[in-house]
Amino acid sequence: MTELAAVKTALKTQAVETPSWAYGNSGTRFKVFAQPGVPRNPREKLDDAAQVHAFTGAAPTVALHIPWDKVDDYGALAKYAQERGLKLGAINSNTFQDDDYRLGSICHPDAAVRRKALDHLLECVDIMDATGSKDLKLWFADGTNYPGQDDIRERQDRLAEGLAQVYERLGDDQRMLLEYKFFEPAFYMTDVPDWGTAYAHCLKLGPKAQVVVDTGHHAPGTNIEFIVATLLREGKLGAFDFNSRFYADDDLMVGAADPFQLFRIMYEVIRGGGFTPDVAFMLDQCHNIEAKIPAIIRSVMNVQEATAKALLVDGAALADAQRTGDVLAANAVIMDAYNTDVRPLLGAVREELGLDADPVSAYRRSGWGEKIAVERVGGQQAGWGA
């Protein structure tokens, strides 16, 4: 198999999970901007997700968020997804939108609040059982705003205790994916602020607990690819939440702010053996002012482009330059791959899969956006917090 053929083969295996909430309305802290044709329920979200998969061939799973995607029959929802060529992916918990969680959830000083949060997390595992999902994704808004507000060490103890109870509930083929965020909404101290804290808890829990790297959850200047390389080396990288940020956690389209960074991340994924189903490539984005479905299609394409460039890095030439200490030659190998226009390559891959070479244009010609704008009138549109 030629090198180019091998790259094509690898690209055909890539899967990017899309988030159900990205198909709904979202906005800023000041305003949520409604759009025509936005889904009104989880099934309509899956209908839109099926369009993304149909045109990209690379988005076969959809992450759910509970309670935003709560239904009476999760088995029926999983069947609905399957009928549309999809599977239900990670189940995302929500312990940050209830008045009781003002001072935290599983790190809260009140045992009753911690119990409430834990019951919700266990409910999410029950939902995983019903949907066939293997991943439980946890992000906690827990933290403090002022020195002395609560005991930092005790909050870590409460966190460890809660995580351990959820971990014990997991099935043999299920995982816990722990996400970190260095600030917001807590501004003095966040309970899971960085990859090291997440890693420490996952290491103690065991092999079914792994770390999620959200590409928007880092301070400016953080070398995310180092974090990726280290977690892969330790066997603790479970998933990505792909998005972009310009200032903080902006949840913009992946690759929008720094496509070179996304390429560097994907190179470390490939270099470290992480280009497998064991590392979930998920989107975590909110499309506030742009049309939802085309934006998600574009995001999937951005991940594909970064991956294609990373696959084109000449590993032998890079290793030789590194071994001989030729700094400029080593950097040139990386830059040559990054500067390659991989759009024709990806277009050819799509055509070999029986797809249109340009997914965004193909979607616009399909008339789906106009169709749902006419049909989805009435009812309450799905949205952030809905």
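Worth saying up front: this structure is predicted, and the values here are computed from it rather than measured. Heavy atoms only: backbone and side chains are in, while hydrogens, waters and symmetry mates are out.
With hydrogens and angles ignored, the 3.5 Å screen pairs no side-chain donor or acceptor of E168 with any backbone N or O of A164. Here the side chain of D314 pairs a donor or acceptor atom with the backbone of A317 at under 3.5 angstrom. A donor-acceptor contact shorter than 3.5 Å links the side chain of D191 to the backbone of G143. A donor-acceptor contact shorter than 3.5 Å links the side chain of R114 to the backbone of P109. A donor-acceptor pair is defined here as one N or O able to donate and one able to accept, closer than 3.5 Å; such a pair exists between the side chain of S133 and the backbone of G89. At distances below 3.5 Å, not a single donor-acceptor pair connects side-chain atoms of H287 with backbone N or O atoms of A22. In this structure, the side chain of D142 engages the main chain of S105 through a donor-acceptor pair within 3.5 Å. Proximity of a side-chain donor or acceptor of N288 to a complementary backbone N or O of G27 within less than 3.5 Å is detected. No side-chain donor-acceptor contact under 3.5 Å links D250 to the backbone of L252. Put simply, the side chain of S244 gets close to the backbone of G255: a donor and an acceptor are under 3.5 Å apart.
Taking 4.0 Å as the cut-off between side-chain N and carboxylate O, D341 and R343 count as a salt-bridged pair. A salt bridge links E305 to R298: one of the charged nitrogens lies within less than 4.0 Å of a carboxylate oxygen. For the pair D251 and R245, the salt-bridge criterion is not met [side-chain N within less than 4.0 Å of a carboxylate O]. Comment: R323 engages D320 in a salt bridge, judged by a side-chain N to carboxylate O separation of less than 4.0 angstrom. Using a 4.0 Å cut-off between charged nitrogen and carboxylate oxygen, R271 and E225 do not count as a salt-bridge pair. Under a 4.0 Å N-O distance rule, the pair D173/K134 does not qualify as a salt bridge. A salt bridge links R158 with D150: the distance from a Lys NZ or Arg NE/NH1/NH2 to an Asp or Glu carboxylate oxygen falls below 4.0 Å. In summary, D356 and R350 do not engage in a salt bridge, as defined by a charged side-chain N under 4.0 Å from a carboxylate O.
Geometrically, K309 does not engage Y267 in a cation-pi contact defined by less than 6.0 Å to the ring centre and at most 45° from the axis. Within the cation-pi definition used here (under 6.0 Å to the ring centroid, within 45° of the axis), R264 qualifies as a partner of F260.
With sequence neighbours excluded, the residues satisfying side chain to side chain donor-acceptor pair (under 3.5 Å) with R84 are D47, Y80. A search for ring pair (Phe, Tyr, Trp, His ring centres under 6.0 Å) contacts involving H201 returns nothing, not counting sequence neighbours. The side chain to side chain donor-acceptor pair (under 3.5 Å) search around R40 returns E44, not counting sequence neighbours.
L346 and F275 fall within a single hydrophobic cluster, where Ile, Leu, Val, Met, Phe, Trp and Tyr are joined by side-chain heavy atoms under 4.5 Å apart, directly or via other members. Both V279 and I91 are assigned to one and the same hydrophobic cluster, defined by single-linkage of ILVMFWY side chains at heavy-atom distances under 4.5 Å. Taking hydrophobic clusters as Ile, Leu, Val, Met, Phe, Trp and Tyr residues chained together by side-chain heavy-atom distances below 4.5 Å, V333 shares a cluster with M335. Follow the hydrophobic side-chain contacts under 4.5 Å out from I224 and you reach L232 in the same cluster. Cluster annotation: V16 and L86 are assigned to the same hydrophobic cluster (Ile/Leu/Val/Met/Phe/Trp/Tyr, side-chain heavy-atom contacts under 4.5 Å, transitive).
For the residue pair P294 and V360, the shortest heavy atom distance occurs at O-CG2, 4.3 Å. Across all non-hydrogen atoms, the minimal contact from M266 to A310 is C-CB, 3.8 Å. Smallest separation of non-hydrogen atoms from P207 and K236: CA-NZ, 4.0 Å. Taking every heavy atom of both residues into account, K116 and Y101 meet most closely at CG-OH, 3.5 Å. Heavy-atom minimum distance, L138 versus S93: CD2-OG, 3.5 Å. Taking each heavy atom of L118 and G162 in turn, the nearest pair found is CD1-O, 3.8 Å.
The distance between the ring centers of W139 and F96 falls below 6.0 angstrom. Taking the six-membered ring for Trp and the full ring otherwise, Y338 and F263 have centroids separated by under 6.0 Å.
With values rounded to the nearest 0.5 angstrom, T307 atom OG1 is found 6.0 Å from I270 atom CD1.
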Chi angles and distances behind the side-chain hydrogen bond (donor to acceptor under 3.5 Å, both in side chains) call for D69, W21: CA-CA 9 Å; D69 295 317; W21 55 94; over 6 Å; no

In sequence, state the C-alpha distance, the side-chain angles, and the governing distance for I227 and V211, and then conclude on side-chain contact (heavy atoms from CB on, under 4.5 Å). CA-CA 10 Å; I227 298 170; V211 179; over 6 Å; no

Evaluate Q174 against D129 for side-chain hydrogen bond (donor to acceptor under 3.5 Å, both in side chains), listing each step before the verdict. CA-CA 9 Å; Q174 294 173 337; D129 292 340; 2.8 Å; yes

Apply the test side-chain hydrogen bond (donor to acceptor under 3.5 Å, both in side chains) to residues D194 and T197: give CA-CA distance (whole Å), side-chain angles for both, the deciding distance (0.1 Å), then the verdict. CA-CA 6 Å; D194 51 42; T197 305; 2.7 Å; yes

Apply the test side-chain contact (heavy atoms from CB on, under 4.5 Å) to residues D126 and L122: give CA-CA distance (whole Å), side-chain angles for both, the deciding distance (0.1 Å), then the verdict. CA-CA 6 Å; D126 292 338; L122 295 175; 5.5 Å; no

Give the intermediate values and the outcome of side-chain contact (heavy atoms from CB on, under 4.5 Å) for residues L163 and L178. CA-CA 9 Å; L163 291 176; L178 183 58; 4.1 Å; yes

Derivation of the side-chain contact (heavy atoms from CB on, under 4.5 Å) call for Y363 and V52: CA-CA 8 Å; Y363 168 75; V52 175; over 6 Å; no

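The aromatic rings of H65 and W68 sit parallel to each other, their planes meeting at less than 30°, with 60° as the upper class boundary. Using cut-offs of 30° and 60° for the angle between ring planes, the Y180 and H218 rings count as perpendicular.
With hydrogens and angles left out, the side-chain atoms of E179 and W195 include no donor and acceptor closer than 3.5 Å. Side chain to side chain, Y199 and E234 meet the donor-acceptor criterion of an N or O pair below 3.5 Å. Residues N243 and Q285 have side chains that never bring a donor and an acceptor to within less than 3.5 angstrom of each other. Residues D48 and W368 bring a donor and an acceptor atom of their side chains to less than 3.5 Å of each other.
When the options D249, D284, T222 are evaluated for a side-chain hydrogen bond (donor to acceptor under 3.5 Å, both in side chains) with H217, the one that passes is D249. Of the candidates Q210, R175, M176, D135 forms a side chain to side chain contact (heavy atoms under 4.5 Å, CB included) with just one, namely R175.
Heavy atoms of other residues, nucleotides or ligands lying less than 6.0 angstrom from CZ of R115 number more than 12. Within a 6.0 Å sphere centred on CZ of F226, other residues, nucleotides and ligands contribute 12 heavy atoms or fewer. The local environment of NZ in K12 is crowded, with over 12 non-hydrogen atoms from other residues, nucleotides or ligands closer than 6.0 Å.
Two residues are said to be in side-chain contact when any heavy atoms from C-beta on lie closer than 4.5 Å; V254 and V303 meet this criterion.
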